[in-house]
Amino acid sequence: MKAINKSQIEELIQALAAEGQVFVPQELNGNTKYAPWQKGVQVILDKNVLLSPKDILFPQTEAMYSYVADNLNTAITEVAVAAEKQVIFGIKPCDVKSVRLMDLVFLTKGFEDTFYKTKKDNTLLVSVGCAKAEPTCFCTSMDVNPQVEEGADLALIDMGEEYGVEAKTEAGSQLLAKINSLLKDSTGQLIETTGFQIVFDGIEGVPEKLKGMFEHPIWDEICLKCISCGACTYLCPTCHCFDIQTKKIGKEGYSYRCWDSCMFSDYALMAGGHDVRPSKKERVRQRFMHKLRYFPERYNELMCVGCGRCLAKCPVNVDITRIIGQIKEAEVNGG
Amino acid sequence: MAVRVEEIKMINPLVPIKGKIIKIVTETPDVKTFHVTTENGKPFTPMPGQLAMFSLLGVGEAMFSITTQGENHLEFSIKKTGMLTDALHAAVVGQEVGIRGPYGNGFPIDAVKGKDVLFIAGGIGLAPVRSLITHCVANRADFGKLDVVYGSRSPADLCFKEDLFENWTKVPDMNLHVTVDRGDEDWTGPVGFVPSFLEEINPDPKDKVTVVCGPPIMIKFVMQSLDKMKYDHQDIITTLEMRMKCGIGKCGRCNIGSCFICLDGPVFTMSQLANMPNEY
Amino acid sequence: MSITEKIQAKAKELLDSGTVNYIIGWEKGTFWHQSTPVFVKKAADADKLIWDEFCINSLSTYLIRLDDELKVGLFVKGCDSKGIVRLIQDKQLKREQVVLIGIPCNGMRNAKGAVEKTEPANLPLEQKCIECVHPNPVIYDELIGEPVVIADKSDRFNDVLELEKLSPNEKYQYWAAQFEKCIRCYACRNTCPACNCKECYVDQYRVGWQNKAVDLAENQMFHVTRAMHVAGRCVECGECQRQCPMDIPIMQMNRKLIMEINELFGEYAAGVDLEAKPPLGQFKTDDPEEFM
């Protein structure tokens with residue numbers, strides 16, 4: 001395997017900058033997130049950052065088309081999505097998997113989402129593996145490899161003093177060739193990621209079991225302390241529910257899509273007042289059903305990657321790992 | 001030239017094309033039918049039961065079933081119920097609008113061919129079902145006996161009166177059974193709720209496909225009546241409605257379990273629904 | 001008996017006697033440095049309840065518009081009890097519906113992500129506890145534990161005073177940088193006892209006060225509006241700032257308005273005295289009229 005010394009990361013990023021704008025994990029105004037790299041920026045690679053790179057491919061607010069509505073007349077103009085080449089450097093394997101899951105949502109099943117596709121087709125993912133887990137990490141319990149996950153173009157694997165460098169796609173191989181002068185032959189060993197405080201024996205059987213648990217009383221208990229904010233859904237790298245709204249400025253305006261949360265009380269509310277999820281219970285049930293049963297049924301993948309952000313930031317410590325445990329232990333009538 | 005269904009998939013599916021309202025028919029005090037076309041003719045050619053996103057730019061966008069189509073236009077029958085529909089009901093002929101579609105799975109025409117069809121609808125629920133009725137009428141030879149059982153609150157609330165009392169009465173081997181919850185001075189027809197009315201008519205389940213659509217409470221009692229009359233749930237289909245935003249199965253909102261109503265529905269058989277979470 | 005034991009005994013008593021339908025307190029959370037709200041409905045589950053240096057969540061938010069037929073037992077620190085006073089004054093809760101067990105609080109600790117378990121006394125206090133002026137419950141049916149001596153915390157306005165020294169442009173830049181961070185999760189609004197409107201202005205889509213787009217302008221609108229809406233009623237529980245996943249210094253805005261209101265209408269601490277009307281909810285003939 002080829003490798004690069006950890007001390008040469010700045011040079012590597014510099015080389016990647018020739019491929020397009022490089023987004024790196026960094027601190028900005030007290031938050032850690034992905035933002036454009038500039039020389040001298042402190043790149044955070046030893047742990048994951050709070051805001052996932054979800055918003056690079058799927059912005060929180062994204063204009064779709066502008067319009068003019070002047071009395072009876074209307075004009076509609078699609079917003080041209082910038083097809084600029086970009087690189088997301090330092091993306092962690094858990095987040096790499098979540099990009100893979102977003103690909104399944106936005107690029108498969110009947111329609112291709114133009115906005116997402118244009119950005120994704122022009123994005124290279126260079127992942128960096130983890131040698132040490134945060135206390136809130138549980139990716140291994142969700143079948144995610146903390147060093148390298150499918151979906152990256154180029155994968156950097158933590159091997160101590162150096163990163164092993166592997167091309168995982170055709171685009172990755174081309175990139176590898178371009179940065180060859182920075183690389184040497186690997187002398188290190190792949191580090192087995194340590195430090196997991198949350199480990200459970202997998203998620204086997206949970207999606208199946210949930211099929212019979214829609215009306216289970218467990219949801220009456222789980223929902224009680226939730227305060228129905230959107231912190232979990234917005235920080236989650238796989239959550240992708242969106243709303244479509246309009247910004248109106250007189251006769252003109254634009255239609256945009258924006259992140260939405262199934263936790264908000266009006267999520268399922270219909271004109272006329274009918275609401276299939278009138279209380280916290282239905283909404284909390286929807287969240288966990290979506291992650292652990294509906295998405296696996298539809299796309300054959302779990303929708304949780306074990307990044308631990310919801311666990312770290314939920315104001316009332318709603319813990320998906322604890323809930324998985326409760327689901328596993330729950331008694332289900334009728335088999 | 002109208003844009004074909006396959007072509008829609010290559011265009012950005014979230015951006016509408018410009019359409020225009022060319023005719024407005026007042027069906028009831030709170031239901032109007034809007035005829036919509038584009039400068040290139042019909043926006044697209046939907047299958048019966050499909051949906052479209054209809055928007056008033058600057059006001060909002062919502063999903064509506066396409067109640068029927070003509071050579072050059074689509075028809076939407078819309079009930080006045082919220083922000084967008086209030087504005088639509090105030091619109092005039094000539095209003096330019098946004099339209100995108102078609103979405104949804106539509107009715108399973110092949111499964112219905114050769115069979116007798118029983119249509120059961122209540123109130124505005126007749127609107128989505130009408131797309132299948134007009135298809136059967138236009139292709140009369142492909143289908144068996146047609147029975148329409150329809151009810152609404154009052155005579156004034158009956159939708160599509162022209163079809164019910166004129167056009168469809170002339171169709172061979174098609175029976176119309178119309179009831180109202182409460183009559184008025186001029187009403188001489190049956191009075192009573194749809195489920196009990198249905199039981200009086202007592203149609204034979206043999207070789208029959210049943211299509212049901214209406215308020216949830218009506219569907220509940222109609223299903224009880226159909227069970228009494230020994231109808232098989234596999235042969236009963238319905239069309240559902242939920243809050244929708246993208247229309248293409250991506251925004252997550254209109255799910256029942258792992259199905260999206262905008263993509264895998266809105267048409268489902270009762271057997272399918274029995275296997276889905278009770279959240280619609 | 002430790003406070004934990006007293007809490008558990010009290011909960012059992014209230015549930016066994018049928019005095020309350022359920023109890024809200026704290027139980028251990030995911031990590032050793034987390035304690036989390038818990039709802040206890042059966043006396044047998046009362047031993048989930050604990051009291052330690054991590055029982056930081058204010059529980060008053062769960063009582064907003066409690067169903068008329070329900071009666072709830074609640075453990076309250078100083079900050080939680082002020083939240084309850086807030087709800088009662090805003091007519092979102094009836095006093096008879098809650099049985100309040102007050103617990104004087106020496107301050108909760110912030111583990112700041114520490115992995116190794118350590119004595120809580122080694123950890124720094126939570127920011128809101130450093131600034132807390134009401135460690136003893138201001139309203140209760142019964143008190144567990146010894147009242148805490150109240151220290152002078154007037155320096156909690158220091159960062160506001162520092163901000164006041166900035167030029168208007170500097171202030172704008174400071175807050176723009178903070179509001180850029182906001183992801184509009186509404187954790188601050190949902191946890192706040194003063195944010196108890198049945199229909200929040202944000203959700204009034206037909207009117208369109210607030211657009212759903214997340215950009216600086218909309219974020220500014222939300223934060224400034226919320227600060228103004230709670231002005232005069234904010235009980236300084238500090239939960240909004242503590243819960244914000246993006247670390248926006250929300251209490252700086254709230255404290256700025258508290259300072260202004262103190263100056264205009266006299267010293268007033270919201271949520272302390274059930275009988276004292278919030279200054280913006282009344283008028284006196286000698287109110288300042290600089291604009292007239």
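Letters go in sequence order (proteins before strands), and every chain restarts at 1.
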When A/Arg283, A/Lys281, A/Arg277, A/Glu282 are each screened for side chain to side chain donor-acceptor pair (under 3.5 Å) with A/Ser279, the one that passes is A/Glu282
At their closest point, which heavy atom of A/Phe111 faces which heavy atom of B/Pro13, and how far apart are they?
CD2-CB, 3.8 Å
Would you say B/Ile261 and B/Glu241 make side-chain contact, with heavy atoms under 4.5 Å?
no
Max heavy-atom pair count under 4.5 Å with chain A, selected residue of [options]:
options	value
B/Val92, B/Ile256, B/Thr81, B/Ile21	B/Thr81
B/Met242, B/Lys18, B/Arg253	B/Arg253
B/Ser55, B/Gly257, B/Gly82	B/Gly257
B/Gly94, B/Ser258, B/Gly60, B/Gly252	B/Ser258

At a 4.5 Å cut-off on heavy atoms, which part of [X] comes close to chain B: side chain, backbone, both, or neither?
X	value
A/Thr108	backbone
A/Met64	both
A/Ile244	both
A/His290	neither

Quick one: of [options], who has the most non-hydrogen atom pairs under 4.5 Å with chain B?
options	answer
A/Leu269, A/Thr246, A/Asp275	A/Leu269
A/Tyr67, A/Tyr294, A/Tyr65	A/Tyr294
A/Ser255, A/Ala69, A/Cys241, A/Cys262	A/Cys241
A/Tyr299, A/Phe115, A/Tyr267	A/Tyr267

Per-residue contact mode, [X] against chain A (heavy atom under 4.5 angstrom):
X	value
B/Asp264	side chain
B/Leu263	side chain
B/Glu61	side chain
B/Cys259	backbone

Does A/Lys248 make a cation-pi contact with A/Tyr254 (under 6.0 Å, within 45 degrees of the axis)?
no
Looking only at side chains, do [X] and [Y] share a donor and an acceptor under 3.5 Å apart?
X	Y	result
B/Asn72	B/Lys42	no
B/His89	B/Asp30	no
B/Asn255	A/Gln286	yes
A/Thr238	A/Lys291	yes

So if I apply the side chain to side chain contact (heavy atoms under 4.5 Å, CB included) rule between A/Pro237 and each of A/Ser98, A/Cys94, A/Pro53, which one comes out positive?
A/Ser98
Could you walk me through whether A/Phe58 and A/Phe106 pass the ring pair (Phe, Tyr, Trp, His ring centres under 6.0 Å) check?
CA-CA 10 Å; A/Phe58 173 51; A/Phe106 287 106; 5.1 Å; yes
